Structure formats: C-alpha cells, structure tokens
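Here the structure is a predicted model, which is why all the values come from computation and not from measurement. Order of the sequence lines sets the chain letters (A, B, ...), proteins ahead of strands, with each chain counted from 1.
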Amino acid sequence: MEDVKTTEISKTAKNAVWIADLSKHENESVCVQAWISNKRSGKGLFFLELRDGTGFCQSVMDLNNVGEEIFENCKQLTLSSSLRVFGKVVKDDRQIGGYEVQIDNIDIIQIVDNYPISNKEHGIEFLMEKRHLWLRSKRQWAIMRIRSRVKYAIHTFFQEKGFVQTDTPIFTGSACEGTTTLFETDYYGEPAYLSQSGQLYGEATAMALGKIYTFGPTFRAEKSKTRRHLSEFWMIEPEMAFYDLDMNMDLIEEFVRYIVTDIYEHYRFELEILERDLTLFENIGKEFPRITYDDAIKILKGDKDVEGKNAIKTLENDLVEVKAQIIECNKDIDEREAAIAAGGMKKGAINFNKNKIDVLKNKIKQLEEKERNIPQWLESAKNFKHGEDLGGSDETVITRLFSTPVMVYNWPKDIKAFYMKRNEENPDYVKGVDMLAPEGFGEIVGGAERETDHDLLVERIKAHDLPMEAFEWYLDLRKFGTVPHAGFGLGFERLIMWLTNVSHIRETIPFPRYYGRLFP
RNA sequence: UCCUCCAUAGCUCAGUUGGUUAGAGCGGUUGACUGUUAAUCAAUAGGUCCCUGGUUCGAGUCCAGGUGGGGGAGCCA
C-alpha cells in the first residue's frame with residue numbers, strides 16, 4: 001500500500017483527552033485522538049462524528065475558523081480514517097454524549113480507502129467475515145462494553161460473598177458426561193478432549209475452599225447451526241459445600257437479579273443504543289417463580305395456566321398475530337409502491353420509501369420463518385411425553401408466559417446427569433434445577449444438588465455406561481468427608497444475549513467460533 | 001445427520017408467463033449547499049447474474065447435481 005498517508009506517531013499529544021472525559025473539559029481547548037465514524041458536510045462546514053473507543057462525539061469544522069488549507073485537508077477524510085482533532089469542548093445537549101468539539105486544527109494520521117462497513121444494513125455472513133472491523137460499530141461497541149461489565153459484576157458478586165475463584169483444566173482425559181461430542185486433540189500421544197464443563201473439578205475445589213466459582217472457556221463440537229450455539233463459549237460454575245437445592249435456587253435468584261440490576265443502573269446508555277426493551281429490568285425485583293418439572297409439563301401442554309395465560313392458546317395467538325403482521329407488511333409495501341408509481345414524489349421521499357420497503361421485506365422474511373416454525377413448536381408441545389427433556393422450542397413456549405426468570409426443579413433422573421442427587425421422597429426424580437429466561441429466551445442456568453453417597457454414585461456411573469476408572473478421583477470426594485453440596489453453571493454468552501436482546505449469540509463474543517468459522 | 005429457505009454491482013436488494021443493451025438505493029468519484037444527525041441535490045464510474053451439466057431458436061429466470069450461506073430439529077449453555 002503505497003498510498004498510505006501517515007504523520008509521525010511521535011506527534012501523539014501528551015495532553016490528549018478521551019471522549020468519555022470530555023465533560024471534565026467544558027470550554028477548554030483539547031486534543032481528541034480518534035477515528036471518523038461518520039462525516040457530513042455543508043458549504044464551509046464539516047461535521048465529523050468521532051469515536052475513540054471510549055465514546056462518540058461530533059466535531060464541527062467551520063471554514064471561517066480554520067482557513068482554506070485545513071478545510072481542504074479535511075475533504076480527504078473518509079470513514080474510519082484516524083486523526084487528532086484540536087479544538088474547544090462545547091456543551092450541546094442535541095449531540096451524542098452531550099458535547100461537541102469545535103475544531104481549530106486537525107492532524108491526519110491515516111486516510112482510509114474503501115472502508116468496507118458502511119452505516120447501512122449488512123448481512124450476517126458479510127459482517128462475520130469482517131468481524132475484526134465490525135467490532136468498531138456502535139451496536140457492537142455497546143455489546144462488548146456490557147459483556148465487560150457483566151464479567152466485572154460476576155466477580156464482584158462472588159468475591160464479596162467470600163467465594164474463591166478457581167480454575168479447572170481445559171485438557172481432560174475422558175469425555176466425562178458422555179452425551180455431547182467433544183473436540184479431540186493429541187496430548188503427548190494420548191487422546192485428550194477439550195473441556196465441556198469444569199464442574200467435577202469445581203466440586204473438588206469446593207471441598208478444599210468451601211465456596212468457589214470458575215469462569216473459563218468451554219468447548220462443544222456439536223455441528224449446531226442456530227442462533228443460540230457456539231463451539232467455544234465461556235461458563236461460570238459456582239459450587240458450594242453445605243448447600244442444598246433450596247439454597248442453590250436462592251443463590252441463583254440473587255445472582256441473576258444482581259447482574260441484571262447492575263447493568264440497568266450503570267449501562268443505560270448502552271441499552272439505549274441497543275434499543276433494549278426495559279420491561280425485564282423493571283420486573284427483575286419480583287420473585288422468580290419456582291415450578292416443578294411436572295408443573296412445567298402441564299403448562300407446556302396447556303393443562304395449567306399461568307396468570308390466566310395458556311401456553312397453547314398463547315402460541316396459537318402468536319401464529320395468528322404473525323400471519324396478520326405479514327398481511328399488514330405486504331399492504332404497507334403495496335401502498336408505498338403505489339405511491340412511488342403514482343409519481344410526483346421527491347427523490348428523497350422515494351429513497352425513504354424504498355428503504356422502508358426493504359426493511360419491511362426483511363421483516364416479512366423473519367415472520368415467514370416464524371410462521372413455518374410455530375406449527376412445529378405447537379406439535380412438539382402438544383405431543384410432549386412426560387419424562388422427556390424440554391427442547392429449545394418447549395422452553396420458548398413456557399417462558400413466553402412469564403415476565404421474570406422461572407426456575408424448573410425436580411427432574412426425572414433419566415434425562416439428567418449422573419451426579420445429581422436423588423429425591424428421597426421420589427427416587428425417580430433428581431434435585432436438578434434449570435433457570436429459564438423470560439421473553440422466550442430459554443435456559444441460561446443449569447444446576448443441582450449433588451449426590452453425596454458413594455455407592456449410589458457408582459450405581460449411576462454404571463447405569464450411564466461411563467468408564468469407572470475415569471471417576472476414581474471423583475469418588476474419593478465421597479469417601480473422604482462427603483458433605484451435602486450444590487452448584488450451577490451459567491452460559492456467559494447466553495446471559496449477554498438475553499441482557500442485550502441481540503438476535504444472535506455470535507454478536508455477544510468478539511471473535512465467535514462456531515461450525516464452519518475459524519477466521520478472523 | 002435431517003427439514004426448510006436463499007445465492008444478481010463493494011454493500012442491501014429488484015428483475016413479470018423464458019425474449020433482444022441486467023436495474024435501484026447506499027457506498028466510491030466530481031460538483032452544489034452555512035448546523036448536519038443514515039444530511040440533501042445533480043452528474044458519474046462500477047457486473048464471471050455461485051459452479052457444472054441439461055431443456056430451448058433463446059436461460060439471471062426452467063430442470064438435475066455440486067458448492068457456500070441463513071433459519072430450525074437433534075444436542076446443549
């Protein structure tokens with residue numbers, strides 16, 4: 001690239017300020033180092049929208065203020081060009097961030113040719129190819145900031161409660177719970193698998209440290225192609241000695257409420273950028289309903305109502321609603337097309353309407369997908385047989401009825417992991433709990449009180465057809481001072497997805513890894 | 001692995017029962033405009049219609065196979 005124009009890096013202004021700190025410098029002359037996120041111009045005027053990672057702000061260049069030479073220079077600036085802006089900070093409530101910089105001079109670091117991502121709509125495939133650049137856009141900026149804050153809140157919550165953060169191995173010698181497909185690697189000539197859960201190790205460290213939590217990467221080799229799956233994701237797994245199922249549920253509820261409240265209180269601006277509906281945040285103070293698996297099935301099959309709402313009827317209404325919306329959208333499109341065809345419309349208005357039509361067509365595509373899916377979900381819900389595990393659509397059907405997270409506990413033993421503690425009153429059930437997020441999101445927490453009895457565990461390991469020798473060390477935990485204990489796992493990206501209400505889990509992690517993607 | 005939808009300009013898309021020279025908006029470029037918020041207005045450049053084969057006088061359009069992608073099921077967080 002011979003065309004790259006740069007100035008000397010050594011010019012970096014020592015007194016430069018970050019956009020996030022502009023409010024501390026009202027009416028002062030400052031230097032802002034930034035990239036161009038958008039540009040508009042008028043006669044003798046340029047509006048440069050800047051971003052520096054800490055925030056966004058508009059700057060204005062007036063020909064009368066800076067003179068011909070600087071003004072001419074400014075013409076070359078393109079999207080994502082880097083520069084330093086020197087000027088006065090002025091309060092202006094109309095602008096993003098509430099401040100504007102009135103430019104005296106600029107120092108161009110690099111002029112960019114053909115930045116690929118415009119301020120227009122793009123498809124997910126294109127954006128994923130350009131993920132390293134996509135991260136610079138405003139929505140992604142907001143998501144990544146929330147991701148960071150949630151991570152901080154998680155650590156704060158547990159640390160302040162006296163939990164110890166412990167790490168578990170990523171290489172494991174056996175495909176422990178047996179069900180999911182794992183990534184196999186070569187470990188000095190032996191097969192090793194990338195961890196799908198640190199839970200068993202978490203139990204060991206809880207026996208050493210009392211209350212612990214892990215926060216690490218997890219790998220699943222399933223060839224899943226849905227908006228809720230990743231091959232590599234992060235998981236939080238607390239484990240507590242001397243906790244039973246009820247204490248576990250209390251902790252889950254307190255924990256989730258803490259995270260949601262923290263984001264609501266501190267990251268409102270980011271939620272606004274994402275146009276997140278705030279109902280969830282307003283309802284989070286309410287108690288989370290706790291229902292048994294048996295009741296969940298009754299709700300799913302429409303045999304039991306929730307606050308006067310019936311699952312099957314609600315879903316049938318959804319389908320009617322979707323169909324009505326499709327008709328509505330088509331009508332809207334027809335009207336706009338007719339208006340354009342009638343003539344006499346200004347070019348700007350035509351563009352506006354054409355754009356609207358594009359948006360509507362996209363909406364119809366999504367609605368049509370829903371229209372195809374809902375009947376399948378209905379079938380699945382009606383035909384659900386007691387004893388099966390809840391599928392993704394079943395969770396959607398159930399949580400559709402609630403305005404807060406719901407906890408489902410007391411599960412049939414055959415569909416849950418071998419280490420869950422049996423229910424003393426009814427040995428066909430185990431003391432597991434799933435927390436389902438509302439608004440149709442589905443499962444984000446899975447947990448349980450653990451089996452404490454050595455011989456029962458051995459029995460369960462055999463029943464699940466698992467290799468006994470791989471669990472010798474785990475059984476030691478029941479031989480040497482077994483105590484009641486419980487814990488849970490929370491999918492970090494699923495949590496972020498729910499909080500930000502982005503449609504795709506791929507947007508919640510900087511560089512997602514999923515079936516078919518390894519770059520960038 | 002199965003079901004379903006899709007692939008046309010850098011991007012987002014239109015393209016009628018198969019018909020002659022494939023279109024629009026955005027973005028790029030050039031110019032106009034003194035406060036814009038995806039600014040606006042005028043002009044302009046930009047194409048292996050995913051690949052292979054078939055039907056046809058004629059294929060972006062129809063058929064078969066392949067490749068790539070979206071959504072869902074299974075599995076799961």
What integer number of Å spans the C1' atoms of C62(B) and U21(B)? 24 Å
State plainly whether the residues E493(A) and R506(A) are in salt-bridge range, i.e. N to O under 4.0 Å. no
Does F47(A) reach a base, just sugar-phosphate, or nothing at all? Heavy atoms under 4.0 Å. base
Mind checking if I124(A) touches a base, just sugar-phosphate, or nothing, with heavy atoms under 4.0 Å? sugar-phosphate
Gap between atom CG of N38(A) and atom CD1 of I96(A) - 0.5 Å precision: 11.0 Å
With no angle test and no hydrogens, is the base of C76(B) tied to the side chain of H229(A) by a donor-acceptor pair under 3.5 Å? yes
If pairing requires Watson-Crick or G-U wobble contacts with both distances under 3.5 Å, which nucleotide is the partner of U1(B)? A73(B)
So R228(A), base contact, sugar-phosphate only, or nothing? Heavy-atom distance under 4.0 Å. base
Counting only side-chain nitrogens and oxygens, does R40(A) get under 4.0 Å of the OP1 or OP2 atom of A39(B)? yes
Looking at Y409(A), does the NZ or CZ of K431(A) lie under 6.0 angstrom from its six-membered ring centre and within 45 degrees of the ring axis? no
Using a heavy-atom cut-off of under 4.0 Å over every strand shown, decide if Q58(A) touches base, sugar-phosphate, or nothing. base
Watson-Crick/G-U partner (both atom distances under 3.5 Å) of C62(B): G54(B)
Per nearest nucleotide of RNA chain B, the residue lying toward the 5' end, K39(A) or M235(A), is K39(A)
Quick check on the 6.0 Å ring-centre criterion: do H229(A) and Y515(A) meet it? no
Decide yes or no, distance alone: a donor-acceptor N/O pair under 3.5 angstrom between the base of G74(B) and the side-chain of S224(A). yes
What is the nucleic acid contact for N38(A), judged by heavy atoms within less than 4.0 Å: base, sugar-phosphate only, or nothing? sugar-phosphate
Tell which nucleotide pairs with U16(B), taking only Watson-Crick or G-U wobble pairs whose two distances are both under 3.5 angstrom. none
Would one find a side-chain N or O of K225(A) under 4.0 angstrom from OP1 or OP2 of G70(B)? yes
With the side chain defined as heavy atoms from C-beta on, E125(A) is closest, among A73(B), U29(B), G69(B), to G69(B)
Span that lies between the C1' atom of G54(B) and that of G58(B), in whole angstrom: 15 Å
Classify the nucleic acid contact of R517(A) as base, sugar-phosphate or nothing, counting any heavy atom under 4.0 Å across all strands shown. nothing
Using OP1 and OP2 only, check whether a side-chain N or O of H122(A) sits under 4.0 Å from G27(B). no
Name the residue closer to the 5' end of RNA chain B, choosing between V445(A) and Y514(A) according to the nucleotide with the nearest heavy atom. Y514(A)
L274(A) to I143(A) - nearest heavy-atom pair and separation: CD2-CG1, 3.7 Å
Within this structure, what is the NZ-to-P distance between K223(A) and A73(B), rounded to whole angstrom? 19 Å
In whole angstroms, how far is the C1' atom of G27(B) from the CG atom of D113(A)? 13 Å
Centroid separation under 6.0 Å, is that true for the rings of F219(A) and Y193(A)? no
Between U67(B) and A14(B), how far apart are the C1' atoms? Round to whole Å, please. 25 Å
Among the nucleotides G71(B), G35(B), A73(B), which one has an atom lying closest to any side-chain atom of D92(A)? G35(B)
Can you measure E72(A) atom CD to U30(B) atom P for me and round it to whole angstrom units? 11 Å
Please pick, from G72(B), U29(B), G35(B), the nucleotide with the shortest atom-to-atom distance to any side-chain atom of R227(A). G72(B)
Nearest-Å distance for atom pair CD/C1', residues E49(A) and U36(B): 11 Å
G-U wobble or Watson-Crick pairing nucleotide for U67(B) (cut-off 3.5 Å, both distances): A7(B)
Quick check: any donor-acceptor pair below 3.5 Å linking the side-chain of E100(A) to the base of G35(B)? yes
Classify the side chain of Q95(A) and the base of U36(B) as holding, or not holding, a donor-acceptor pair under 3.5 Å. yes
Can you tell me how far P of C76(B) sits from NZ of K416(A), to the nearest Å? 9 Å
Mate of A45(B) where both pairing distances stay under 3.5 Å, Watson-Crick or G-U: none
Salt-bridge test for E239(A) and R450(A): reply yes if a basic N is under 4.0 Å from a carboxylate O, no otherwise. yes
Would you indicate what G392(A) reaches in the nucleic acid, counting non-hydrogen atoms under 4.0 angstrom: base, sugar-phosphate, or nothing? base
Quick one: list whatever passes side chain to side chain donor-acceptor pair (under 3.5 Å) with R257(A), sequence neighbours left out. E253(A)
Atom CG of N114(A) and atom C1' of G46(B): how far apart are they, to the nearest Å? 12 Å
Can we say K416(A) and D434(A) salt-bridge, meaning some charged N sits less than 4.0 Å from an Asp/Glu carboxylate O? yes
Same-atom distance (C1') from U8(B) to C49(B), integer angstrom: 4 Å
G71(B) to U30(B) separation - C1' atoms, rounded to the nearest Å: 44 Å
Inter-nucleotide C1' distance (G47(B), U40(B)), Å rounded: 29 Å
Rounded to the nearest angstrom, tell me the gap between atom NE2 in H504(A) and atom C1' in G70(B). 8 Å
Pairwise P distance for G28(B) and G65(B), with rounding to whole Å: 43 Å
Nearest-neighbour nucleotide for the S41(A) side chain, G35(B), C75(B), C33(B) considered: C33(B)
With rounding to whole Å, what would you report as the distance between U36(B) and C41(B) at their P atoms? 15 Å
L79(A) CG - G28(B) P separation (whole Å): 7 Å
